[in-house]
Amino acid sequence: MNILLTGSGGFIGKNLSVWLSKKSFNVIGLDRNTDKELLTCDLNYDVDVVIHLAGLSGVRQSFENPTDYWKQNVIVSQRIFDTFKNKKILYASSSTAYEPWRNPYAMSKYGMELIAPANSLGMRFTTVYGPGAREHMLIPRILRNDVPYINTNHSRDFIHVYDICSAIESLLKQKQTGVIDIGTSTTHKLTDMMDYFGITTEKRVGGDTERLDNKADINIITSYGWKPQYELKKYIEDNRRTN
């Protein structure tokens, strides 16, 4: 199977490219950080499936430049959707899209879903962690013992990037369309995590720009035989600095 993977240089994209290549899929990667600006680059590829992961992420950063988020997440996606409208398309959405009014990132992901073709599948990822995660995200900060503050009213459904990869591999075999959740269906209250790992940090009440809880409904994806394999606390215990 020939797969066009956009965002192949990103956190999930790098892991997915290696994962699928090991499973004998032929992966063609496109990423804006390797001179492949998706707004203008050649898209003349003969492929069976498009996995569209390219785009800007981060809720807080989206307030700093909402125009770029709309351009990279919606306008780029429109070009991908139009070009490959007759192909199977899996694209990265976000659990934030359930409440798009909260921030520009969520609105851009919801916008993607609205313009996606009928033959596509939007994957609403929850909070992804694992090898290659962005340094400012919570789990890498916990691993470094570098958590500047925590929101007392937030809970998160954390999913390992390898579980994301296995879920996408599973979905390649299905005819599912529309939008589905991909997470673990288990949420962790952030203050409980700080207590569990003995981390002392500033506690704040989070504002209304983020969802309080992003727990996934994984009934659809588990109906295909998939289930998450990685447990968050064990991952942290195995990888956290002890000094």
Side-chain angles (χ1 to χ4, degrees), residues 7 9-15 32-33 53 55-70 72-73 92-110 124-164 181-216 228 230-243:
F11 165 39
I12 298 175
K14 283 182 179 178
N15 283 284
R32 64 186 301 217
N33 293 321
L53 303 183
L56 297 180
S57 59
V59 167
R60 293 165 196 166
Q61 297 88 335
S62 71
F63 285 99
E64 298 172 7
N65 202 334
T67 300
D68 273 357
Y69 273 73
W70 191 261
Q72 293 298 327
N73 292 354
S93 186
S94 165
S95 59
T96 64
Y98 275 108
E99 298 174 355
W101 58 87
R102 291 192 180 274
N103 56 76
Y105 172 64
M107 182 60 74
S108 71
K109 287 298 186 179
Y110 182 64
R124 284 183 170 177
F125 302 146
T126 55
T127 306
V128 188
Y129 69 95
R134 300 189 306 280
E135 289 297 302
H136 68 273
M137 299 298 286
L138 178 60
I139 302 307
R141 284 189 176 278
I142 290 176
L143 297 182
R144 300 193 309 267
N145 295 312
D146 175 32
V147 181
Y149 71 91
I150 204 73
N151 289 328
T152 59
N153 55 339
H154 286 179
S155 298
R156 292 290 177 261
D157 183 340
F158 293 94
I159 182 169
H160 195 284
V161 67
Y162 293 166
D163 283 330
I164 290 286
D181 288 358
I182 299 182
T184 67
S185 80
T186 299
T187 53
H188 299 264
K189 189 172 178 59
L190 301 189
T191 51
D192 289 347
M193 289 180 61
M194 298 302 102
D195 293 342
Y196 183 86
F197 290 106
I199 297 173
T200 301
T201 188
E202 179 186 349
K203 293 181 171 62
R204 303 178 183 175
V205 176
D208 60 3
T209 60
E210 296 184 54
R211 299 184 73 201
L212 298 183
D213 191 348
N214 67 343
K215 181 178 179 179
Y230 288 81
E231 201 281 318
L232 176 64
K233 289 180 179 177
K234 184 178 187 308
Y235 173 83
I236 293 173
E237 289 167 347
D238 289 346
N239 292 277
R240 190 180 178 205
R241 293 179 186 174
T242 56
N243 56 354

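Scanning both residues, Ile142 and Arg240, for their nearest heavy atoms gives O-NE, 3.5 Å. Residues Gly206 and Asn153 share a closest heavy-atom pair of N-OD1, 2.8 Å. In terms of heavy-atom proximity, Gly130 sits nearest to Val161 at CA-CG1, 4.2 Å. Closest approach of Pro104 to Phe63, counting heavy atoms only: CD-CE2, 3.6 Å. Here the closest non-hydrogen pair linking Arg32 and Leu56 is NH1-CD2, 3.5 Å. The nearest pair of heavy atoms linking Ala133 to Pro140 is CB-CG, 3.9 Å.
Using a 4.5 Å heavy-atom cutoff, the side chains of Ser57 and Arg134 are in contact. Using a 4.5 Å cut-off on side-chain heavy atoms (C-beta onward), Leu212 and His154 make contact. Between Ile139 and Leu232 the shortest side-chain heavy-atom distance falls below 4.5 Å. Side-chain contact between Leu53 and Phe11: absent, with no pair of heavy atoms (C-beta onward) separated by less than 4.5 Å.
In this structure, Lys215 does not pair ionically with Asp157, as no charged nitrogen and carboxylate oxygen lie closer than 4.0 Å.
Here CG of Leu190 is found 11.5 Å from OG1 of Thr201. Values are rounded to the nearest 0.5 Å. Going from atom CD1 of Ile182 over to atom CD1 of Ile159 covers 7.0 Å, rounded to the nearest 0.5 Å. Note that the CD1 atom of Ile236 and the CZ atom of Phe158 stand 7.5 Å from one another [nearest 0.5 Å]. In this structure, CG in Asn15 is found 10.5 Å from CD1 in Ile164, a value given to the nearest 0.5 Å. Atom CG in Asp68 sits 12.5 Å away from atom CD in Gln61 (nearest 0.5 Å). The distance from the CZ atom of Arg141 to the CG atom of Asp146 is 5.0 Å, given to the nearest 0.5 Å.
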Kindly indicate, with the supporting measurements, whether the criterion side-chain contact (heavy atoms from CB on, under 4.5 Å) is fulfilled by Trp101 and Asp208. CA-CA 10 Å; Trp101 58 87; Asp208 60 3; over 6 Å; no

Does the pair Glu237 and Glu231 meet the rule for a side-chain contact (heavy atoms from CB on, under 4.5 Å), with working shown? CA-CA 10 Å; Glu237 289 167 347; Glu231 201 281 318; over 6 Å; no

Steps toward side-chain hydrogen bond (donor to acceptor under 3.5 Å, both in side chains) verdict (Asn103, Thr209): CA-CA 6 Å; Asn103 56 76; Thr209 60; 6.0 Å; no

In sequence, state the C-alpha distance, the side-chain angles, and the governing distance for Asn73 and Tyr105, and then conclude on side-chain contact (heavy atoms from CB on, under 4.5 Å). CA-CA 9 Å; Asn73 292 354; Tyr105 172 64; 4.0 Å; yes

Going through the checks in order, is the side-chain contact (heavy atoms from CB on, under 4.5 Å) test met by Phe125 and Lys109? CA-CA 11 Å; Phe125 302 146; Lys109 287 298 186 179; over 6 Å; no

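The backbone N or O of Arg156 sits nowhere less than 3.5 Å from a side-chain atom of Thr187 that would complete a donor-acceptor pair. In this structure a side-chain-to-backbone donor-acceptor pair under 3.5 Å is present from Arg211 to Ser95.
Dense packing is recorded around CG of Asp238, with more than 12 heavy atoms of other residues, nucleotides or ligands lying under 6.0 Å away. Annotation for Tyr110: atom OH does not count as buried by contact number, only 12 or fewer foreign heavy atoms lying within 6.0 Å.
Across His188, Lys189, Met193, a single residue satisfies side chain to side chain contact (heavy atoms under 4.5 Å, CB included) together with Thr191, and that is Lys189.
The ring pair (Phe, Tyr, Trp, His ring centres under 6.0 Å) check on Tyr230 picks up His160, Tyr162, with sequence neighbours excluded.
Under the 6.0 Å distance and 45° angle rule, Arg124 counts as a cation-pi partner of Tyr98.
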